[in-house]
Amino acid sequence: MGSVARRPIHHDGPVRTQVAIVGAGPAGLALAHLLHLQGIDTVVIETRRREYVEKRVRAGVLEQPTVDLLREVDVGDRLAREGLTHHGTTLRFRNRSHRIDFTGLTGSAITVYGQQEVVRDLITARQEADRPLLFEVDDVRLEGIDGERPQVHLVHQGEPLQIDCDFIAGCDGFHGVSRPTIAEELTTFERFYPFAWLGILAGTRPSSQELVYASHENGFALHSMRSPEVTRQYLQVEPDEDLAQWPDERIWSELRTRLFDEDGFDLEEGEIFEKSITPMRSFVAEPMQSGRLFLVGDAAHIVPPTGAKGMNLAIADACVLSHGLGAFYAEGSREQLASYTQTCLRRVWRAEHFSWFMTSMLHRLNADDPFERKLQLSQLDYVTSSRAAATSLAENYVGLPFPTPWRWKD
Ligand code: RFL
Ligand code: PHB
């Protein structure tokens, strides 16, 4: 099936909408929903199949402000039923566990709920609103972004289609077309890390109630989960690691070693039904807008997954853009749109710093440099023993407030 709205898109002339949204990941779908609730018309286009975006396994941690927003805009019912609320997390090093009490320190919590579940809930909302969401589009090109009437050109179901709009939201992820369209105007800031994550999904029960981040001499490991029957776990590996070198037994053995706790941690082993390798990178493109094109989410910035921030940042950007577009359509005000980049970037850079900090503190860096390891252990001792340091970590992890409300005015 190529589209979600019950009313079909006809190919006999340009389609007109207010905001064309390129990409149906968390950023694009959240933006579409927030604009719909403000009465702003959108068309969402996506290169992949619906089944593909609904099954793509990625993030799993929602910050408190993300959860609050999803609930406020009525896409939080299943999240409330199936999401796992965690009031803290464990940092494990020198084979001992140290809990960071998020709720005790900040009053907030995080929710473990798969990104693909958020995507499914938002697609359902789009379908219920009967608004257009075109899957499997090809040859997407953005034109006229410096004028008043930008256009998106694409091919849908074998036919060329032109979307005329007031604004384009580039929500097409790190490998999309939006950022390259304005590449010449962007300054980029980037860092590659000399390691990757091998991630698994396994049909095993979580061995602890909360996530465990382990910093071990063999490298980093993370014990996470998706449900009471499914765990999501990660191992630090070489950046060019070959999955074929990681049969199940090696993965379990390495997880056992790195997650070992002197006081007991019974890692349940079982069927691994998904394995993948994720490179680690930090990236920011500035500004996040040019003319009538706005970059949202991974299209503008990437964080390494150690801080669990990527999807949350994408939804925060969507919230800021929804607020700005709301102001434009309600009152003709351009001020909020003009400051979109500035409003987003302050929080984006905070998350960039936090993700870099968590990554640097927890991963095996240079094995030949014992000085570096001593610094890491000192930092770990500090964040797990000082209330001030633990509060800072907790405050960043549960999520700082979104920069704006999603709606212009009630
Ligand atoms: P997405 O999700 O990449 O969606 C972009 C969509 O655009 C489509 N697309 C196009 N559509 C139309 N025309 C084109 N020319 C197009 N080109 C591309 C794509 O098919 C896609 O559907 O970006 P978005 O919406 O900005 O969302 C960002 C998040 O997906 C990402 O930041 C997170 O997954 C990162 N992340 C995590 N984030 C968290 O908040 N918490 C976590 O716990 C967390 N863990 C993770 C993660 C990412 C990981 N990987 C695999 C990178 C763990 C991992 C392992
Ligand atoms: C996940 O469950 O996929 C997950 C959890 C925490 C992270 C990254 C990923 O920091």
Side-chain angles (χ1 to χ4, degrees), residues 20-32 43-50 52-54 56-63 66 84 86 89 110-116 118-119 122-123 133-142 152-156 168-181 196-201 206 210-213 220 222-227 230-234 274 276-281 283 295-318 348 351 354-355 358-359 362 397 399:
I21 299 180
V22 185
L29 290 165
L31 179 65
V43 173
V44 184
I45 59 164
E46 164 63 49
T47 44
R48 301 286 191 164
R49 294 163 59 233
R50 176 175 179 175
Y52 181 90
V53 300
E54 287 189 341
R56 189 163 42 192
V57 177
R58 279 188 164 183
V61 172
L62 302 184
E63 295 174 344
T66 304
L84 307 170
H86 288 191
T89 195
I110 53 133
T111 302
V112 175
Y113 190 65
Q115 174 168 327
Q116 74 276 24
V118 175
V119 163
L122 288 165
I123 291 177
L133 164 50
L134 312 184
F135 288 100
E136 297 176 71
V137 305
D138 287 314
D139 297 336
V140 178
R141 277 183 300 116
L142 316 184
V152 179
H153 298 268
L154 58 112
V155 172
H156 182 233
I168 301 175
C171 308
D172 46 353
F174 190 67
H175 301 287
V177 295
S178 300
R179 196 179 64 256
T181 304
W197 277 16
L198 188 164
I200 62 161
L201 272 180
E210 296 171 344
L211 272 57
V212 180
Y213 287 84
F220 170 78
L222 171 58
H223 184 78
S224 180
M225 62 200 72
R226 286 294 177 273
S227 73
V230 175
T231 54
R232 176 81 167 140
Q233 307 188 60
Y234 299 96
E274 214 257 1
S276 59
I277 303 247
T278 306
M280 306 275 281
R281 138 189 311 133
F283 174 90
L295 303 180
V296 187
D298 276 17
H301 41 72
I302 296 284
V303 285
T306 328
K309 289 280 163 251
M311 168 174 47
N312 295 290
L313 282 181
I315 292 179
D317 289 353
V348 165
F354 179 67
S355 305
M358 290 286 279
T359 302
L362 290 162
Y397 198 95

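Remember, it's 1-based here, ligands and their atoms both numbered in the order they're listed.
Pro206 is listed as a side-chain neighbour of Thr231, based on a closest heavy-atom distance under 4.5 Å. Side-chain atoms of Phe135 and Arg49, non-hydrogen and from C-beta on, never get closer than 4.5 Å to each other. Under the 4.5 Å side-chain criterion, counting only non-hydrogen atoms from C-beta, Asp139 is not in contact with His153.
The shortest separation from a heavy atom of His175 to ligand 1 is not under 4.0 Å, leaving the residue out of contact. The closest approach between any non-hydrogen atom of Tyr52 and ligand 1 is not below 4.0 Å. Remark: distances from the non-hydrogen atoms of Cys171 to ligand 1 include one below 4.0 Å. A heavy-atom separation below 4.0 Å is not found between Met358 and ligand 2. Look at Leu222 and you'll find a heavy atom under 4.0 Å from some atom of ligand 2.
Summarising the contacts of atom 17 (N) of ligand 1 with Pro304, Ser224, Gly176, Ala308, the nearest heavy atom is found in Gly176. Heavy-atom proximity to atom 37 (C) of ligand 1, evaluated over Gly60, Gly399, Ala196, Ala59, is greatest for Ala59. Within the set Met311, Gln115, Arg49, the minimum heavy-atom distance to atom 34 (O) of ligand 1 is found for Gln115. Across Arg56, Arg141, Glu136, Met280, heavy-atom proximity to atom 21 (C) of ligand 1 is greatest for Arg56. The closest non-hydrogen atom to atom 18 (C) of ligand 1, taken over Ile302, Asp172, Val22, Val61, comes from Asp172. Across the listed options Tyr234, Phe135, Phe174, Tyr234 owns the non-hydrogen atom lying nearest to atom 53 (C) of ligand 1. When the options Thr306, Val112, Val177, Ile21 are ranked by their closest heavy atom to atom 15 (N) of ligand 1, first place goes to Val177.
Taking only nitrogen or oxygen atoms, main chain and side chain alike, Tyr397 does not reach within less than 3.5 Å of ligand 2. Taking any N or O of Pro305, backbone or side chain, at least one lies under 3.5 Å from an N or O belonging to ligand 2. Residue-to-ligand polar distances keep Trp197 apart from ligand 1: every N/O pair is separated by 3.5 Å or more. Taking any N or O of Val140, backbone or side chain, none lies under 3.5 Å from an N or O belonging to ligand 1. No N or O atom of Val57 sits closer than 3.5 Å to an N or O atom of ligand 1.
Under 4.0 angstrom from ligand 2, the non-hydrogen atoms of Thr306 all belong to its backbone. Only the side chain of Arg226 comes within 4.0 Å of ligand 2, judged by heavy-atom distances. When heavy-atom distances to ligand 2 are checked against a 4.0 Å cut-off, Tyr113 has no atom that comes that close, whether in backbone or side chain. At a 4.0 Å heavy-atom cut-off, ligand 2 touches Ser224 through the side chain alone.
The heavy-atom pair separating Ser276 from Arg232 by the smallest distance is OG-NH2, 4.4 Å. Contact record, Lys309 with Ser355: CG-OG, 3.8 Å, taken as the closest heavy-atom pair. The heavy-atom pair separating Thr359 from Pro304 by the smallest distance is OG1-CG, 3.4 Å. Contact between Asp317 and Gly297 at its shortest, heavy atoms only, is OD2-N, 2.9 Å. Taking all atoms of both residues into account, the shortest heavy-atom contact from Ala299 to Asp172 is CB-OD1, 3.9 Å. The shortest non-hydrogen separation linking Met311 to Ala59 is CE-CB, 3.6 Å.
Atom NE2 of His223 is separated from atom CD of Glu210 by 11.5 Å, given to the nearest 0.5 angstrom. Distance CD1/Ile168 to OG1/Thr181: 8.0 Å, rounded to 0.5 Å. In this structure, the separation between CD1 on Ile302 and CE on Met280 is 12.0 Å, given to the nearest 0.5 Å. Between the CG atom in Asp298 and the CZ atom in Arg58 there is a gap of 6.0 Å [rounded to 0.5 Å]. Interatomic distance, Leu133 CG to Leu29 CG, rounded to the nearest 0.5 Å: 6.5 Å. Arg226 contributes atom CZ, which lies 6.5 Å from atom CD of Gln116 (distance to the nearest 0.5 angstrom).
Among all non-hydrogen protein atoms, the one lying nearest atom 51 (C) of ligand 1 is Thr278 OG1, 3.7 Å. In this structure, atom 1 (P) of ligand 1 lies nearest to the protein heavy atom Arg58 NH1, 3.5 Å. Taking atom 32 (O) of ligand 1 as the reference point, the nearest protein heavy-atom neighbour is Asp298 OD1, 2.7 Å. Nearest protein heavy-atom neighbour of atom 4 (O) of ligand 1: Gly25 CA, 3.5 Å. Residue, atom and distance of the protein heavy atom nearest to atom 4 (C) of ligand 2 are Tyr234 CE1, 3.9 Å. Residue, atom and distance of the protein heavy atom nearest to atom 6 (C) of ligand 1 are Glu46 OE1, 3.6 Å. When hydrogens are left out, the protein atom nearest atom 10 (C) of ligand 1 is Thr47 OG1, 3.4 Å; that is the closest non-hydrogen contact. The nearest protein atom to atom 25 (O) of ligand 1, hydrogens excluded, is given as Ala27 N, 2.9 Å; this is a heavy-atom distance. The protein heavy atom nearest to atom 35 (C) of ligand 1 is Gly310 CA, 3.8 Å.
Listed by number with element, the atoms of ligand 2 under 4.0 angstrom from any heavy atom of Val61 are 5 (C), 6 (C). Of all atoms in ligand 1, listed by their number and element, those nearer than 4.0 Å to a heavy atom of Ile45 are 11 (N), 12 (C). Applying the 4.0 Å criterion to heavy atoms of Gly173 picks out, from ligand 1, the atoms 3 (O), 5 (C), 23 (O). Under a 4.0 Å criterion applied to the non-hydrogen atoms of Arg58, ligand 2 contributes the atoms 3 (O). Near Arg48, with a cut-off below 4.0 Å to any heavy atom, the atoms of ligand 1 are 20 (O). For ligand 1, the atoms closer than 4.0 angstrom to any heavy atom of Val53 are 22 (O). Close approach of ligand 2 to Tyr213 is summarised as follows: ligand atoms under 4.0 Å from at least one heavy atom of the residue are 6 (C), 7 (C), 10 (O). Proximity to Leu211 (heavy-atom distance under 4.0 Å) selects the following atoms of ligand 2: 5 (C), 6 (C). Set against the non-hydrogen atoms of Gly297, the atoms of ligand 1 under 4.0 Å away are 26 (O).
Using bins of under 30°, 30° to 60° and over 60° for the plane-to-plane angle, the ring pair Trp197/Tyr234 lands in the tilted bin.
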Exercise for the section: Decide side chain to side chain contact (heavy atoms under 4.5 Å, CB included) for Met225 and His86; before the verdict, give the C-alpha distance in whole Å, the side-chain angles of both, and the deciding distance to 0.1 Å. Expected result: CA-CA 11 Å; Met225 62 200 72; His86 288 191; 3.7 Å; yes

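The backbone N or O of Ala24 lies less than 3.5 Å from a partner atom in the side chain of Glu46, making a donor-acceptor pair. In this structure a side-chain-to-backbone donor-acceptor pair under 3.5 Å is present from Thr89 to Leu211.
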